[in-house]
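Here the structure is laid out as structure tokens; the discussion comes afterwards.
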Amino acid sequence: MQICVIPGDGIGPEVMAVATAALRVLAPDLTLTEAEAGWGVFQRTGVALPAETLATAREATAILFGAVASPSHPVPGYRSPIVELRRTLDLYANIRPTTGPGVDLVVVRENTEDLYSGRERLEDDGNTAIAERVITRTASARIVRAACEMARTRQAAGHPGKVMIVHKANVLRVSDGLFRTVALEVAADFPELTFEERLVDVAAMQLAAQPQRFDVIVTTNLFGDILSDVACIHGGGLGVAASSNLGHGRALFEPVHGAAPDIAGRGIANPTAALNCVVMLLEWIGRPHAAERLRRAMEVVAAAGIRTPDAGGDATTREVADAILEQLTSHA
């Protein structure tokens, strides 16, 4: 089984080195192939996602993605490599779990369309910027179905089996109106589940204040991007959050924290999110015992106070990695 590793920019290579070291201990039979993508590659070659990288990603069963730095201003020829990978490989379901004291929820986000479709243009001599929002019946149906299947699986494990459909159909009557209509149609196929609706602004407020009210949230791309970041507050913040991007027989796992250029190269990056990606990858390929070993090792190391500065400690990335690897090898 081949895993494509894309370290990317900033702290991406630092945390991916820790993640791949753990993966080699836990699953030595996997073939790890490294490829490049990101802003640094674009500056060097003029392409953020080289054809060779895309070919390697296509051949792999799963992808471990570090982080990429993207400019906040328009750069001719540049497109976000992670957005391009999601769309090209049809990784249509972004899954962001959040667990914390009294909180255990999942945000299921449509991953291929909405305002992320890239249909933008300038009009009126550059004085008006227009972005087209794309919502389709097909993409809406499959993401809601994926959320329902997840809720059903969670229900069997003792969770409420509740799906929250989040939209803004009172204002975006056509685009979110279609998403809402399709979501309710799909919901009819899952009578064992409970369904509720929330407008996205209300959902954001409740998610910040009362996260225990939620089980599975399903929504469109942009709303899901925002709500999953709100949710992660209750699981330790962006620095430790991980996500999976799922398609048909293929998956990409990525930390949420981004490239963090302010600490890149200082040796203090927190590898927790990247290691959580390995946990999710191992679970996805059907190796829950290995995933639990890594989860337990991380808990032991954190409880011993071996943490990076952002997590309240004074350990380096290398020290955290060594402690976790020691746990894995001594408790095999």
Side-chain angles (χ1 to χ4, degrees), residues 1-3 5 15-32 60-66 93-108 149-161 215-216 228 231-232 234-237 239-246 250-257 270-308 311 313 315 317 319-332:
M1 187 180 297
Q2 183 170 315
I3 309 298
V5 180
V15 297
M16 277 295 109
V18 181
T20 54
L23 189 55
R24 286 190 172 97
V25 171
L26 292 162
D29 58 307
L30 299 181
T31 300
L32 307 187
T61 300
I63 303 160
L64 269 178
F65 194 96
N94 182 275
I95 312 297
R96 284 275 298 274
T98 295
T99 57
V103 179
D104 189 340
L105 62 87
V106 181
V107 178
V108 180
E149 295 287 358
M150 176 165 290
R152 186 155 62 183
T153 299
R154 285 168 59 86
Q155 187 180 48
H159 293 277
D215 181 18
V216 175
S228 55
C232 81
H234 306 291
V240 300
S243 70
S244 58
N245 301 266
L246 306 181
R250 183 184 282 118
L252 181 153
F253 302 88
E254 59 170 326
V256 177
H257 51 53
N270 190 339
T272 299
L275 290 166
N276 282 332
C277 287
V278 174
V279 170
M280 297 175 79
L281 186 155
L282 290 167
E283 290 175 337
W284 185 75
I285 64 174
R287 304 191 185 187
H289 176 68
E292 183 56 31
R293 280 180 59 197
L294 179 53
R295 188 184 290 110
R296 195 162 53 241
M298 293 166 63
E299 290 172 352
V300 169
V301 169
I306 306 174
R307 306 186 185 100
T308 49
T317 308
E319 288 169 339
V320 172
D322 288 345
I324 290 172
L325 292 173
E326 195 278 331
Q327 284 291 319
L328 291 176
T329 53
S330 63
H331 298 85

What pairs with E149 under side-chain hydrogen bond (donor to acceptor under 3.5 Å, both in side chains), at least two apart in sequence or on another chain?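 Partners of E149 by the side-chain hydrogen bond (donor to acceptor under 3.5 Å, both in side chains) criterion, ordered by chain and then number, come out as R152.
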Sequence neighbours left out, what passes side-chain contact (heavy atoms from CB on, under 4.5 Å) with [X]? Give chain and number order.
X    : answer
E292 : R295, R296
A19  : M16, A274, V278
S243 : N94, R96, N245, E254, V256
N270 : V240, T272, T308, D310, A311

Measure the spacing between [atom1] of [X] and [atom2] of [Y] and express it to the nearest 0.5 Å.
X    : Y    : atom1 : atom2 : result
R287 : L30  : CZ    : CG    : 5.0 Å
L294 : E299 : CG    : CD    : 10.0 Å
I3   : F253 : CD1   : CZ    : 8.0 Å
R293 : Q327 : CZ    : CD    : 10.5 Å

Could you walk me through whether L325 and V25 pass the side chain to side chain contact (heavy atoms under 4.5 Å, CB included) test, one step at a time? CA-CA 8 Å; L325 292 173; V25 171; 4.2 Å; yes
Determine the minimum heavy-atom distance between [X] and [Y], stating which atoms define it.
X    : Y    : result
A22  : L275 : CB-CD2, 3.8 Å
A273 : A241 : CB-O, 3.3 Å
V301 : V320 : CG1-O, 4.5 Å
A291 : V279 : CB-O, 3.6 Å
P255 : F65  : CD-O, 2.9 Å
A242 : N276 : CB-CB, 3.7 Å

Let's go through I324 and M298 carefully: what are the C-alpha distance in whole Å and the side-chain angles of both, what is the deciding distance for side chain to side chain contact (heavy atoms under 4.5 Å, CB included) to 0.1 Å, and is it a yes or a no? CA-CA 6 Å; I324 290 172; M298 293 166 63; 4.0 Å; yes
Of L281, I63, L64, which is the lone residue that meets side chain to side chain contact (heavy atoms under 4.5 Å, CB included) with L252?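 Of the listed options, the one satisfying the test is I63.
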Ignoring hydrogens and angles, write down the donor-acceptor pairs under 3.5 Å from the side chains of residues 99-106, residues two or more places apart or on other chains.
from : atom 1 : to   : atom 2 : distance (Å)
D104 : OD1    : R154 : NH1    : 3.3
D104 : OD1    : R154 : NH2    : 3.4

Does H257 form a side chain to side chain contact (heavy atoms under 4.5 Å, CB included) with V15? I'd like the steps, not just the answer. CA-CA 11 Å; H257 51 53; V15 297; 4.2 Å; yes
Test side chain to side chain contact (heavy atoms under 4.5 Å, CB included) on L23 and V5; report intermediate values, then the result. CA-CA 11 Å; L23 189 55; V5 180; over 6 Å; no
